[in-house]
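Just below is one structure, and these are the notes that go with it.
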Amino acid sequence: MPGARQVVVLTGSYTPDTGGEGVGLTALRLTPEDGLRVVDDVAASGASYLAAHPTLPVVYTTHESTPGAVSAFGLREDAAPVPLGAPLTSGGANPCHLTVHPSGDCLLTANYGTDTHPGTVAVHRLDADGRLTDLTDVVEHKGSGPVTGRQEGTHAHQVLVDPAGRYILATDLGADTVFTYELDADAGKLKLVAASQLRPGSGPRHLTFAPSGDLVFSADELSSTVTCHRYDAETGTLHELSRVPATAVADVPNQPGGIVTSDCGRYVWVSNRGADTVAGLRIAGTTLEPLGEIPSGGNWPRGLTAAPGHLLVANQHSGTVAALAVLEDGTLAESGVMAAVASVVCALAV
C-alpha cells in the first residue's frame with residue numbers, strides 16, 4: 001500500500017427501514033499492515049451522506065427518508081461515533097447530501113424530495129460544540145427537465161460552498177440547474193442570487209472544483225457524462241466548456257455517482273453505477289482526457305473519498321468498500337484491499 005498511513009474511515013449505509021441491510025454508521029481503519037478493517041458501528045437510519053466539521057471532532061449525517069432528518073455525531077478514536085443530541089428535521093424529504101459552512105456556524109442540507117415534494121436546501125444553526133440547534137431556513141427549488149420519470153419536478157442532490165467561501169451552490173438533478181445562494185451566517189438565511197441552466201436532460205448530480213477555483217466539474221447522472229464548466233467567482237455561475245462520457249463501457253445503462261478532484265488538481269475520478277467502474281480523467285486546460293477505468297471493487301459504486309495513496313469506493317449493492325490504489329499518473333489500480341459493509345453508499349476519511 002504505497003503512500004498509505006493509518007487512516008480512520010467512516011461509512012454510511014441504508015438501513016432496513018430505508019430499503020437497505022446496513023447498520024448505519026461504520027468506523028473502519030486503513031493501514032499498510034492490515035488493509036481495511038471494520039472497527040465498530042452504530043445505528044443511524046438511512047445514513048446516506050456524511051460531512052465533517054471544519055474544526056471540531058464532529059460529523060453530520062443525513063437520514064434519507066420522508067420526512068427526512070439530520071444528526072450530529074462526536075468522533076471517537078478506534079470506535080464508532082456517538083450521537084450528539086436527537087436528530088432534527090432536514091427541512092424536506094429524502095436528504096441526500098450535506099456540508100458544513102467553513103465558518104462552522106451552519107449545516108447546509110440538500111433534500112432530494114419525492115414526486116410530490118420539491119427539492120429543497122435547508123440551513124441549521126450549529127452551537128460552539130458543533131451540535132445542531134435550530135432549523136433557520138428552507139428554500140424550495142423550482143423547475144423541471146425533459147427526462148420522463150426523473151425530471152417532472154426538482155430534486156436537489158448536492159450543496160457545497162465555492163472555494164472562495166462566497167457562494168453556496170446547489171445542484172438540482174430534476175431541473176438541470178445549479179442554484180447559487182448567498183448565506184447570511186448570522187441569521188442562517190439563504191438568498192438566491194443566480195441559477196445556471198445546464199444542458200437539458202443532463203441531470204447534474206454532484207460537482208467538484210479544481211483547486212484553482214476557476215473550473216468546476218459535474219457528474220451528470222442522466223446523460224452519463226462529466227462536464228467541465230468555467231466558474232465565474234464574481235457571479236457564482238457556471239458556463240459549459242466541454243464534456244466527455246463518464247464511461248467507455250458500451251451497451252450498459254450507466255449513471256455516474258460520486259466525483260472528486262485529486263489533491264494535486266490534475267485529475268478527476270468518477271464512479272459509474274451500471275458499468276461498475278471508476279474512471280480517471282486528466283484535466284487538460286478546459287477539457288478532460290480519459291485515463292481509463294477499472295472495476296470498482298463491487299457493484300453499484302456510489303460515494304468516493306480520497307485517502308493517502310488511495311481512492312475509497314462505496315459499492316452499494318455488493319456491500320463492499322474498496323481501496324483503489326492511486327498511481328502517480330492519476331490512473332487507478334486494483335489493490336485487493338476491501339471490507340464488507342452492507343448497503344454502503346458513502347465514505348469519509350476522518
Side-chain angles (χ1 to χ4, degrees), residues 8-30 34-51 59-73 75-76 78-83 86-87 90 93-98 109-114 155 157 205-206 221 252-258 271-278 295-305 307 311-324 336-350:
V8 176
V9 178
L10 193 63
T11 65
S13 299
Y14 286 130
T15 47
D17 58 323
T18 56
E21 300 175 350
V23 173
L25 300 182
T26 301
L28 304 95
R29 189 186 304 112
L30 176 65
D34 299 325
L36 192 59
R37 296 288 183 268
V38 172
V39 174
D40 197 6
D41 56 39
V42 62
S45 173
S48 62
Y49 201 82
L50 298 166
V59 294
Y60 304 88
T61 184
T62 55
H63 300 290
E64 192 170 320
S65 59
T66 303
V70 292
S71 288
F73 283 79
L75 293 173
R76 298 186 296 167
D78 292 331
V82 293
S90 68
N94 294 316
C96 57
H97 190 275
L98 40 67
T109 303
N111 293 284
Y112 184 84
T114 67
H155 296 299
H157 219 306
R205 179 183 174 90
H206 281 188
E221 179 170 324
V252 175
N254 186 70
Q255 298 177 8
S271 62
N272 287 298
R273 298 168 298 164
D276 289 340
T277 64
V278 179
S296 66
N299 180 250
W300 209 251
R302 186 158 157 166
L304 298 177
T305 191
L311 185 67
L312 301 175
V313 188
N315 291 284
Q316 179 180 347
H317 292 172
S318 57
T320 52
V321 181
L324 305 181
V337 176
M338 65 178 60
V341 180
S343 302
V344 63
V345 290
C346 62
L348 180 67
V350 295

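Starting from 1, each residue takes its place in the sequence as its number.
Residues meeting the ring-ring contact (aromatic ring centres under 6.0 Å, His included) test with His63, sequence neighbours left out: none. Shown here are the side chain to side chain donor-acceptor pair (under 3.5 Å) partners of Thr62, two or more places apart in sequence or in another chain: Ser48.
Using bins of under 30°, 30° to 60° and over 60° for the plane-to-plane angle, the ring pair His97/Tyr49 lands in the tilted bin.
Put simply, the side chain of Thr61 reaches to within 4.5 Å of the side chain of Leu50, judged on heavy atoms. Using a 4.5 Å heavy-atom cutoff, the side chains of Arg302 and Val345 are in contact. Looking only at side-chain heavy atoms (C-beta outward), Arg273 and His317 stay at 4.5 Å or farther from each other. By the 4.5 Å heavy-atom criterion applied to side chains, Arg76 and Val82 are counted as neighbours. Annotation: side chain of Leu28 is in contact with side chain of Val341 (closest heavy-atom distance under 4.5 Å). Contact of the Val344 side chain with the Thr26 side chain is not registered, since no non-hydrogen atoms from C-beta on lie closer than 4.5 Å. Contact of the Asn94 side chain with the Thr66 side chain is registered, since non-hydrogen atoms from C-beta on lie closer than 4.5 Å. With a 4.5 Å cut-off on side-chain heavy atoms, Glu221 and His157 count as touching.
Across every non-hydrogen atom of Leu25 and Pro81, the tightest pair is CD1-CG, 4.0 Å. Heavy atoms only, all atoms of each residue included: Ala51 and Leu98 are closest at CB-CD1, 3.3 Å. When all heavy atoms of Pro301 and Asn272 are compared, the pair lying nearest together is CG-O, 3.2 Å. Here the closest heavy-atom approach between residue Ser45 and residue Thr15 is recorded as CA-OG1, 3.5 Å. Across Ala342 and Ser13, no two heavy atoms sit closer than the pair O-OG, 2.9 Å. The shortest non-hydrogen separation linking Thr18 to Gly46 is OG1-CA, 3.4 Å.
Arg205 CZ to Ser271 OG: the interatomic distance, rounded to the nearest 0.5 Å, is 7.5 Å. The CG atom of Leu304 lies 9.0 Å from the CG atom of Leu312; values are rounded to the nearest 0.5 Å. For the atom pair Met338 CE and Ser318 OG, the distance stands at 8.0 Å (nearest 0.5 Å). Atoms CD and OG, on Glu21 and Ser343 in that order, are 5.0 Å from each other to the nearest 0.5 Å. The CG atom of Leu348 sits 6.5 Å away from atom CG of Leu10, with the distance rounded to the nearest 0.5 Å.
One N or O on the side chain of Asp40 and one on the backbone of Ala80 form a donor-acceptor pair closer than 3.5 Å.
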*Derivation of the side-chain contact (heavy atoms from CB on, under 4.5 Å) call for Tyr112 and Glu64*: CA-CA 9 Å; Tyr112 184 84; Glu64 192 170 320; 5.9 Å; no

*Going through the distances and angles, do Thr277 and Asn254 end up as a side-chain contact (heavy atoms from CB on, under 4.5 Å)?*
CA-CA 10 Å; Thr277 64; Asn254 186 70; 5.8 Å; no

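Asp276 and Ser296 share no side-chain donor-acceptor pair at under 3.5 Å.
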